[in-house]
Amino acid sequence: MRLSRYFLPVTKEPPADAQIVSHKLMLRAGLVRQTSAGIYAWLPMGHRVLRKIEQIVREEQDRAGAIEMLMPTIQSADYWRDTGRYDAYGPEMLRITDRQDRDLLYGPTNEDMLTAIFRNASNSYRDLPRILYHIQWKFRDEIRPRFGVMRGREFLMKDAYSFDLDEAGARVSYNRMFAAYLRTFARMGLRAIPMQADTGPIGGDLSHEFIILAPSGESEVFFHKSWEEARSAEDYAVDADDTEALQVFVDAMTADYAATDEKRDEAAEAALGDDLRRSRGIEVGHIFYFGDKYSKPLDFKLPGPDGEMVTPVGGSYGIGVSRLVGAIIEASHDDDGIVWPEPVAPFKVGLINMRVDDDACAAAADDLYAKLEAAGVEVLYDDRDERGGAKFATMDLIGLPWQLVIGPRGIKNGVVELKNRATGDREELSAEAALEKLA
RNA sequence: CGGGGAGUGGCGCAGCCCGGUAGCGCAUCUGCUUUGGGAGCAGAGGGUCGCAGGUUCGAAUCCUGUCUCCCCGACCA
């Protein structure tokens, strides 16, 4: 993409409304624009990041055996009346009336609808277990939206729903999602810590929040120092179809203490002593088991293997996709701007032509741009008629992992400069070598 | 929802108290010079001051109402 033809409104100063660093940077780097309280338009650059994150989530859901579908944003109130949640949900749900005076709502979640759909379309225990998911916009009329996309009213969420014959089966589905979540966040360059969370009226231990450590986090969290170690997706490699191995994995990942403020265990913390860490955290995912909470009121029963009717049990599993954009920036930035982890970066390379009016420079940059594109490298080519300093500042702000600089100085010596945004390391090398390194 | 604050060119702000017909920085456009970390000089364009009513000869400024946004708190992907 040529920057001269792109839509990337970057600014030196953020609007006064923005408080936290990710919100400021998202506005300055031209990722989003606010259109109402807690509602955002995703500009081209932000949209690319959102899609990258969404795709990683999708791949890991698929790997875990979940099946993608898509449900609507607008739901009939009847789905919610059938589960008894229409009156229970409260003002956070945006209620709408259509021209026939039918009650509709903008979905804040989809348990009610999906359970009804799944119930009507499944016939026996052979249709279980299943995990279905979709990635769709939600609306929750938050009392006070804030922190940009971190607590918006409209947000993109991946929500999955499992259906199993019994609790033992549900635990397997739960474990699949548990492992998938750790891999998902690790692939985005995030260290997410699974923390015991409230299970509500169901009880049990099958509820975890996945927390990213960041000073701007909304909740205070406490954990064993072992979670400070960096981990990659490979550290979370486990065969989702190997039930036993999966349980061993989950047990290992929940062995070390980690709790949110609400679930603190003073005795456990005292036992940790100096190994206890405390931080602020951002919740990027939440998984929980809810038993027959929805299948029962919907009278969802299936003939079991022995001919007896069985009420399936389920869980739901959410990831805040749009929130992750903010969370990643909170976890990865410096004074100059965003530092995108490569897997979620909107472009891999920022190609800078230092002197647009220099024929040799322009020719070399055009050539390298064409070759990068041909090699399938996602490259943003700054071909604007700007001074070098302005281009460097823009590139640092938008945080692409690699900056490839072509200027008269290097051209003279037959080299280009490659800079790593995260480390600041620069090296001079031939255009061919740079191409090979980036392709 | 309770408490606080703010709406003035794209962004950040001043002007309001002490009414007299809108200003500054950044950004934008043109020209010249410049060109490896947000250039300099000269010139130019762009707002009628959230909206509605009222007071007044005259309202961005005073009064009333209303809408929107932000911050703190209780709640949450």
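The structure presented is a predicted model; accordingly, all values stated were derived computationally and were not measured. Residue numbers begin at 1 in each chain, while the letters A, B, ... track the order of the sequences.
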Trainee: Which residues pass the side-chain contact (heavy atoms from CB on, under 4.5 Å) test with Glu59(A), not counting sequence neighbours?
Mentor: Gln55(A), Arg187(A)
Trainee: Could you give the distance separating G7(B) and C16(B) at their P atoms, to the nearest angstrom?
Mentor: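 Taking atom P in both C16(B) and G7(B), they lie 13 Å apart.
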Trainee: Check Tyr317(A) against Lys158(A) and note the closest heavy-atom contact, atom names and distance.
Mentor: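 That closest heavy-atom pairing would be O-NZ, 3.0 Å.
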Trainee: Using Watson-Crick or G-U wobble geometry with both distances below 3.5 Å, tell me the partner of U34(B), or none.
Mentor: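 Base partner found: none.
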Trainee: For the residue pair His208(A) and Phe178(A), is the inter-centroid distance of their aromatic rings smaller than 6.0 Å?
Mentor: yes
Trainee: Taking atom P in both G15(B) and C29(B), compute the distance separating them and give it to the nearest angstrom.
Mentor: 31 Å
Trainee: Nearest-Å distance, CZ (Arg146(A)) to C1' (C69(B))?
Mentor: 15 Å
Trainee: Starting at atom CE of Met150(A), determine the distance to atom P of C70(B), rounded to an integer number of angstrom.
Mentor: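 So the CE-P distance, Met150(A) to C70(B), works out to 16 Å.
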Trainee: Quick one: do Glu342(A) and Lys348(A) make a salt bridge, cutoff under 4.0 Å?
Mentor: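 Counted as a salt bridge, because a side-chain N and a carboxylate O are separated by less than 4.0 Å.
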Trainee: Among all residues two or more places apart in sequence or in another chain, which pass the side-chain contact (heavy atoms from CB on, under 4.5 Å) test with Arg130(A)?
Mentor: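 Residues passing side-chain contact (heavy atoms from CB on, under 4.5 Å) with Arg130(A): Ile67(A), Phe118(A).
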Trainee: What is the distance from CD of Glu283(A) to P of C75(B), rounded to the nearest Å?
Mentor: 14 Å
Trainee: In terms of ring plane angle, is the pair Phe290(A) and Phe288(A) parallel, tilted or perpendicular, where the classes change at 30° and 60°?
Mentor: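 Perpendicular: the ring planes of Phe290(A) and Phe288(A) meet at over 60°.
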Trainee: Arg144(A) has an atom CZ; how far is it from atom P of G4(B), in whole Å?
Mentor: 15 Å
Trainee: Round to a whole Å and report the spacing from CZ of Arg153(A) to C1' of C69(B).
Mentor: 11 Å
Trainee: Please report the distance, rounded to the nearest Å, between CG in Asp334(A) and C1' in G37(B).
Mentor: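 Those two atoms, CG and C1', are 14 Å apart.
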Trainee: Could you note down all residue pairs passing ring pair (Phe, Tyr, Trp, His ring centres under 6.0 Å) where residues 402-439 of chain A supplies at least one of them, sequence neighbours left out?
Mentor: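 Residue pairs passing ring pair (Phe, Tyr, Trp, His ring centres under 6.0 Å), neighbours aside: none found.
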Trainee: How close do Pro297(A) and Asp292(A) get, heavy atom to heavy atom, and via which atoms?
Mentor: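 Heavy atoms only, the tightest pair is CD-O, 3.7 Å.
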Trainee: For Tyr106(A), what residues pass the ring pair (Phe, Tyr, Trp, His ring centres under 6.0 Å) criterion, not counting sequence neighbours?
Mentor: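 So Tyr106(A) forms a ring pair (Phe, Tyr, Trp, His ring centres under 6.0 Å) with Phe139(A).
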Trainee: Roughly, in whole Å, what's the span from OH in Tyr181(A) to P in A77(B)?
Mentor: 12 Å
Trainee: Name every residue in residues 44-76 of chain A that has at least one heavy atom under 4.0 Å from any atom of RNA chain B, in order of residue number, or write none if there are no such residues.
Mentor: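 Contacting residues: none.
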Trainee: Scan residues 21-43 of chain A against RNA chain B and write down, sorted by residue number, each residue with any heavy atom closer than 4.0 Å; if none is found, say none.
Mentor: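 Listed by number, they are Arg28(A), Gln34(A), Ser36(A), Ala37(A).
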Trainee: Can you tell me how far C1' in A42(B) sits from the matching atom in A59(B), rounded to whole Å?
Mentor: 37 Å
Trainee: Rounded to the nearest Å, what distance is computed from the CZ atom of residue Arg421(A) to the C1' atom of nucleotide G37(B)?
Mentor: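 Nearest whole value for this atom pair: 12 Å.
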Trainee: Which whole number of Å gives the distance between the P atom of G73(B) and that of U66(B)?
Mentor: 28 Å
Trainee: Scan residues 340-359 of chain A for pairs that pass ring pair (Phe, Tyr, Trp, His ring centres under 6.0 Å), counting only residues two or more places apart or in two chains.
Mentor: Tyr6(A)-Phe347(A)
Trainee: Pull out every protein N or O sitting under 3.5 Å from an N or O of nucleotides 11-13 of chain B, one pair per line with the distance.
Mentor:
{"residue": "G12(B)", "atom": "OP1", "partner": "Ala16(A)", "partner atom": "N", "Å": "3.0"}

Trainee: Using purine N1 to pyrimidine N3 plus N6-O4 or O6-N4 for Watson-Crick, or N1-O2 and O6-N3 for G-U wobble, each under 3.5 Å, what pairs with U66(B)?
Mentor: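 Paired with G50(B).
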Trainee: Sorted by first residue and then second, give each ring pair (Phe, Tyr, Trp, His ring centres under 6.0 Å) pair with at least one member in residues 66-87 of chain A; sequence neighbours left out.
Mentor: Trp80(A)-Tyr89(A)
Trainee: Using the P atom as the reference point in each nucleotide, state the distance between G50(B) and C11(B) in Å, no decimals.
Mentor: 14 Å
Trainee: Extract all donor-acceptor atom pairs below 3.5 Å that involve side chains of residues 34-47 of chain A and protein atoms in other chains or at least two apart in sequence.
Mentor:
{"residue": "Gln34(A)", "atom": "OE1", "partner": "Tyr40(A)", "partner atom": "OH", "Å": "3.3"}
{"residue": "Gln34(A)", "atom": "NE2", "partner": "Ser36(A)", "partner atom": "O", "Å": "3.1"}
{"residue": "Thr35(A)", "atom": "OG1", "partner": "Ile39(A)", "partner atom": "O", "Å": "3.3"}
{"residue": "Tyr40(A)", "atom": "OH", "partner": "His23(A)", "partner atom": "NE2", "Å": "3.4"}
{"residue": "His47(A)", "atom": "NE2", "partner": "Arg51(A)", "partner atom": "NE", "Å": "3.3"}
{"residue": "His47(A)", "atom": "NE2", "partner": "Arg51(A)", "partner atom": "NH2", "Å": "3.2"}

Trainee: Below 4.0 angstrom, N of the basic side chain to O of the carboxylate: do Asp87(A) and Arg81(A) qualify?
Mentor: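 No, no charged N to carboxylate O under 4.0 Å.
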Trainee: Could you give the distance separating U30(B) and A14(B) at their P atoms, to the nearest angstrom?
Mentor: 32 Å
Trainee: Classify the ring geometry between Tyr236(A) and Phe249(A) as parallel (under 30°), tilted (30 to 60°) or perpendicular (over 60°).
Mentor: perpendicular
Trainee: Residues two or more places apart in sequence or in another chain: which of them pass side-chain contact (heavy atoms from CB on, under 4.5 Å) with Gln19(A)?
Mentor: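 With sequence neighbours excluded, Gln19(A) shows a side-chain contact (heavy atoms from CB on, under 4.5 Å) to no residue whatsoever.
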Trainee: Reading nucleotides 23-36 of chain B from the 5' end, what letters show protein touch, with B for base, S for backbone sugar-phosphate only, - for no heavy atom under 4.0 Å?
Mentor: -----------BBB
